[in-house]
Amino acid sequence: MGNFIFLQILAAVCALSIITTLFNKRILDFPQAIGVPIVSAVLVFILQWSASLLNGNEFITINITSIQNAVRDIDFYDFLINGVICFILTASALTFKVSDLKNYWKPIGILASIALALCALFFASLMFGFQWLIGASIPFAVLLLLGAALGATDPIGIKGVLSSIKAPRHLMIKLEGESLFNDAVCIALFMTILHGLQGNGFSIVTTVEVLLYEIVVAGIIGWFFGQMTLRILSGKHEMESLILTTAFLACGSYLVALYAHASAPIACVVGGLIVGNRWHQILEEREITYVNHFWHAIEGIINSFLFTLIGLELFILELNTSLILGGVVAFICLHLSRFLANFASFSLLSDVRKTSYNGSLTILSWGGVRGAISLALILSVSNVPELQPYSSFLVGYTFIVVLMSGVVCGLGLPAVMNAFYHNPNEPTTGFAGWYQRLVKRFNRKGYQYVLSEDEQGNEVITRYQPPPVVIQETPSSVGMALPLPKVIDKDGHDELAHPNGF
């Protein structure tokens, strides 16, 4: 009859994905990247609790050991990094405009490179101090490796969070652009530190040469596949061939880059950007819409699988009080490091300071949601001999940081946005109202913006003017309205004069 193991695994993962996705949509209504891992983790807790409750029952037994072994057999790294990530990145790149990249290449480039490296360095320093204080010292290089893995912002999570809020277009472009490009830099930085830990030595010159090789060769491969795909699309085709051609663009460019030892994520992103910004010249609008609908559906299915698998990883963790506490501290250290790294990276640029909107760096720092890529990188090296003594810390801290990043940063981003962009419907009562008032303390300058559109549908950002204050000395006297003055900083700069500002 044959072996049905593949169908069994596929059916089990599909069933779990359906349960978690529907429960999140109908009950929690969180963004998918946040709600599904939470539901999946809760299901694992319930299953483990039920197994302990039914221990010794002669009628019903749950073999947790078998489930744990099955989860351990899932190669999360191969599934994501050497598998479906090419489709996720290409789907995002096909809809990202090159004109936006030209306008905001500087902040996107800094967020995906300098700020990423500084964040890993700050995180390793803070965590090294914490581990020393609790008497469980971990080498600085190992913590630096963990910081590099946690530097990867999740493009899926960020898109899910941004779709649930009304954010200014310039911030959405920067967050999506960072998530597209920083994965490639993160993986390259991670592998460089890993090679050093394995005794292969570390040299700044060699590292720069390797990074330049990976970026340049990946760009050439992506350009080649992008041009080839456009040439194929310009001829006669069926709808099915359109989809297959874009699918080949994703996996073909990624695979060739892997064989060339170049940055595979950059290759498929470059290819996707070239095709997505030029196929309007050779395809009908209905064909582009059809292909985009396909990629949106594929992205949703892959996301459900990934987020369910993230929750299932809880089976292989041996959580205890010290590990949970360390994970919470790691989450705080990571996002504090991201704030410090972003501010340090951009404070040196005078043009950014002059054209920076109030709260831009705070929102960008808060919006760096972590996800499956960080967990996949750490799981891929948990059995490396040099890292085995610390594998429980690495996997446990990463899992807790990823979960808390979605809950705290993902669900809290709307409140941070409300602190700087006026929302008449913001919560004012209960826990949500208290949290909103707490977050508003981030707005040190005290003024907000309003998002609107002009007659052509272009976004317009203006300063929010509260209702004028009316002064009445006596009940019968005539009041006097006092509008708020125009806000100019101490150097005479007005950020609203720069519509493409930071």
Side-chain angles (χ1 to χ4, degrees), residues 33 76-96 98 101 105 108-113 115-117 119-120 148-159 174-194 207 210-226 229 246-277 295 298-299 302-303 306 368-381:
F76 202 54
Y77 182 86
D78 272 348
F79 176 71
L80 178 62
I81 304 300
N82 291 337
V84 297
I85 192 175
C86 63
F87 300 109
I88 295 170
L89 292 174
T90 301
S92 299
L94 286 172
T95 57
F96 194 85
V98 171
L101 189 60
W105 67 270
I108 290 173
I110 291 174
L111 286 169
S113 57
L116 173 65
C119 179
L150 291 174
T153 55
D154 186 12
I156 312 164
I158 287 174
K159 288 179 69 175
K174 289 160 195 164
L175 280 170
E176 287 192 37
E178 178 198 6
S179 67
L180 273 178
F181 290 98
N182 97 324
D183 293 344
V185 179
C186 171
I187 293 171
L189 181 63
F190 182 86
M191 298 308 295
T192 301
I193 298 171
L194 179 62
T207 301
V210 170
L211 286 175
L212 286 176
Y213 169 83
E214 289 191 0
I215 293 171
V216 172
V217 173
I220 294 172
I221 293 172
W223 175 85
F224 173 78
F225 272 86
T229 300
T246 52
F248 178 72
L249 167 68
C251 58
S253 60
Y254 200 91
L255 185 62
V256 171
L258 286 176
Y259 279 118
H261 301 289
S263 176
I266 288 182
C268 64
V269 166
V270 170
L273 287 173
I274 290 173
V275 174
N277 284 270
W295 279 108
I298 290 296
E299 198 174 20
I302 293 173
N303 295 349
L306 280 176
V369 180
R370 269 59 186 173
I373 294 174
S374 299
L375 193 57
L377 289 173
I378 290 299
L379 287 172
S380 69
V381 299

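The basis for the numbers below is simple: all heavy atoms, side chains too, and nothing from hydrogens, waters or symmetry mates.
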To the nearest 0.5 Å, how far apart are [atom1] in [X] and [atom2] in [Y]?
{"X": "L379", "Y": "D78", "atom1": "CG", "atom2": "CG", "value": "12.0 Å"}
{"X": "I220", "Y": "I266", "atom1": "CD1", "atom2": "CD1", "value": "12.5 Å"}
{"X": "T90", "Y": "L180", "atom1": "OG1", "atom2": "CG", "value": "9.5 Å"}
{"X": "E214", "Y": "T192", "atom1": "CD", "atom2": "OG1", "value": "7.0 Å"}
{"X": "L375", "Y": "L150", "atom1": "CG", "atom2": "CG", "value": "9.5 Å"}
{"X": "F181", "Y": "L111", "atom1": "CZ", "atom2": "CG", "value": "12.5 Å"}

Are any non-hydrogen side-chain atoms of V256 and F224 less than 4.5 angstrom apart?
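They are not in contact (no side-chain heavy atoms under 4.5 Å apart), so the answer is no.
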With a 4.5 Å cut-off on side-chain heavy atoms, are T95 and W295 touching?
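No. Closest side-chain heavy atoms not under 4.5 Å.
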Hey, does the side chain of [X] reach the backbone of [Y] with a donor-acceptor pair shorter than 3.5 angstrom?
{"X": "N277", "Y": "F96", "result": "yes"}
{"X": "S380", "Y": "L377", "result": "yes"}
{"X": "N182", "Y": "G151", "result": "yes"}

Nearest heavy atoms of [X] and [Y], plus distance in Å:
{"X": "G271", "Y": "L249", "result": "O-CD2, 3.9 Å"}
{"X": "Y254", "Y": "C268", "result": "CD1-SG, 3.9 Å"}
{"X": "A218", "Y": "A262", "result": "N-CB, 3.8 Å"}
{"X": "A149", "Y": "S374", "result": "O-OG, 2.8 Å"}
{"X": "I221", "Y": "A267", "result": "CG2-CB, 4.3 Å"}
{"X": "F87", "Y": "C251", "result": "CZ-CB, 4.2 Å"}

Test side chain to side chain contact (heavy atoms under 4.5 Å, CB included) on C186 and L116; report intermediate values, then the result.
CA-CA 7 Å; C186 171; L116 173 65; 4.0 Å; yes
Test log, rule side chain to side chain contact (heavy atoms under 4.5 Å, CB included), inputs F190 and I378:
CA-CA 10 Å; F190 182 86; I378 290 299; 4.2 Å; yes
